[in-house]
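Input: a single structure, listed below in structure tokens.
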Amino acid sequence: MKGLLEVKDSMYGQYAVFEIPLVTGEKAYMRAQHLYAGIHQWYVVIVDRIKFFELWSLEPYSGENRLALGNQKVWESDYKYQDAENGFSQGYDNPVPLPTVLCDFDEESNRYFASINDGITRTIWLASKGAEFVPMLCRSRDGANKLHELVGVDEQSIVQLVKLVKYV
């Protein structure tokens, strides 16, 4: 799986560490672990960042999707951008959580869209640093499969979280 660096043990069970190359040559680190309700439903999907932003821009219900159409200046002026900067600055020793997303169909516009439930600022921070892909958590199997089909980076870019890491 693209970006998967390793699976580590902790007192809360295992977590997967993802390494995301940035345009500067540096790397950002993220983690996926079982801290969510309905643990057996979650999927990790590695998305192409540009294609994901196109899909996110189609989200019809909230105003945050405007960030998908943003640029460096817009992203860096986000009121929580510095929080993401601080979070990512801890690097490998304390990777930040993966964003949680959904992929659904809007009957009114007759098209699929993506929405970020948690992790908008982490996602735009990665975009501002030129990340080509972003690992994301998607709660439903159908949504994860559709997200993978529409914006996944390759055939191996989807896995059920319980198959990746163990929960204690």
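Residue numbers count from 1 along this sequence.
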For A127 and F53, the nearest pair of non-hydrogen atoms, with its separation, is CB-CZ, 3.6 Å

Would you say E19 has more than 12 foreign heavy atoms packed within less than 6.0 Å of its CD? yes

Return yes when atom CD1 of I50 has more than 12 non-hydrogen atoms of other residues, nucleotides or ligands closer than 6.0 Å, and no otherwise. no

Value rounded to 0.5 Å, distance of OG in S157 from CG in D48: 9.5 Å

Any chance NZ of K8 has more than 12 other-residue heavy atoms, nucleotides or ligands included, within less than 6.0 Å? yes

Measuring only between side-chain heavy atoms, which start at C-beta, is T121 closer than 4.5 Å to D83? no

Any side-chain heavy atom of N94 sitting closer than 4.5 Å to one from R31? yes

Side-chain touch Y29/L5, heavy atoms, less than 4.5 angstrom: yes

Establish whether L4 and V17 are linked, either directly or via other cluster members, by ILVMFWY side-chain heavy-atom contacts under 4.5 Å. no

State, yes or no, whether a side-chain contact exists between M30 and P97 at a heavy-atom distance under 4.5 Å. no

Cluster link V134 to M1, ILVMFWY, side chain under 4.5 Å: yes

Flag the pair K2 / F18 as yes when at least one side-chain heavy-atom distance between them is below 4.5 Å, and no otherwise. no

Step by step, work out the side chain to side chain contact (heavy atoms under 4.5 Å, CB included) result for R139 and W42. CA-CA 4 Å; R139 185 171 184 168; W42 290 92; 3.9 Å; yes

Can N65 and L58 be said to form a side chain to side chain contact (heavy atoms under 4.5 Å, CB included), step by step? CA-CA 7 Å; N65 67 328; L58 302 176; over 6 Å; no

Test side chain to side chain contact (heavy atoms under 4.5 Å, CB included) applied to W56 and V101, step by step: CA-CA 10 Å; W56 180 27; V101 301; over 6 Å; no

By side-chain hydrogen bond (donor to acceptor under 3.5 Å, both in side chains), K51 pairs with (sequence neighbours left out) none

Considering all heavy atoms, the nearest Y15-S10 contact: CE2-CB, 3.9 Å

Which atoms form the tightest heavy-atom contact between R122 and P99, and what is the distance? NH1-N, 4.1 Å

Please step through side chain to side chain contact (heavy atoms under 4.5 Å, CB included) for the pair L164 and V44, ending with a clear verdict. CA-CA 9 Å; L164 186 60; V44 175; 4.1 Å; yes

Distance check, rounded to the nearest 0.5 Å: D118 atom CG versus M136 atom CE? 11.0 Å

With a 4.5 Å limit on heavy-atom distance, are the side chains of N71 and V74 in contact? yes

Modelled atom types, side-chain donor and acceptor of Q82 and N86, under 3.5 Å: yes

So, taking the atom named CD in E59 and the one named CG in L102, what distance separates them when rounded to the nearest 0.5 Å? 8.0 Å

What residue among V47, V45, D154 forms side chain to side chain contact (heavy atoms under 4.5 Å, CB included) with H148? V45

To the nearest 0.5 angstrom, please state how far the CD1 atom of I46 sits from the CD atom of Q156. 11.5 Å

Atom CD of E107 with >12 non-hydrogen neighbours under 6.0 angstrom: no

I'd like a table of donor-acceptor pairs (distance under 3.5 Å, sequence neighbours excluded) in which one partner is a side-chain atom from residues 109-117, with atom names and distances.
unit_1	atom_1	unit_2	atom_2	d
S109	OG	D106	OD2	2.6
S109	OG	R111	NE	3.4

Looking at NZ of K129 and NZ of K27, how far apart are the two atoms once the value is rounded to the nearest 0.5 Å? 15.5 Å

For I20 and F133, work out which heavy atoms get closest and say how close. CG2-O, 3.5 Å

Hey, is OH on Y61 packed in by over 12 heavy atoms from elsewhere, all under 6.0 Å? yes

Would you name the heavy atoms of C138 and C103 that are closest together and state the gap between them? SG-N, 4.3 Å

Measure the spacing between OH of Y81 and CH2 of W125 and express it to the nearest 0.5 Å. 6.5 Å

Tell me whether L147 shares a hydrophobic cluster with F105, the cluster being built from Ile, Leu, Val, Met, Phe, Trp, Tyr side chains joined at under 4.5 Å. yes

Under the side chain to side chain contact (heavy atoms under 4.5 Å, CB included) test, which residues partner V165, sequence neighbours left out? V7, Q14, A16, H34, L161

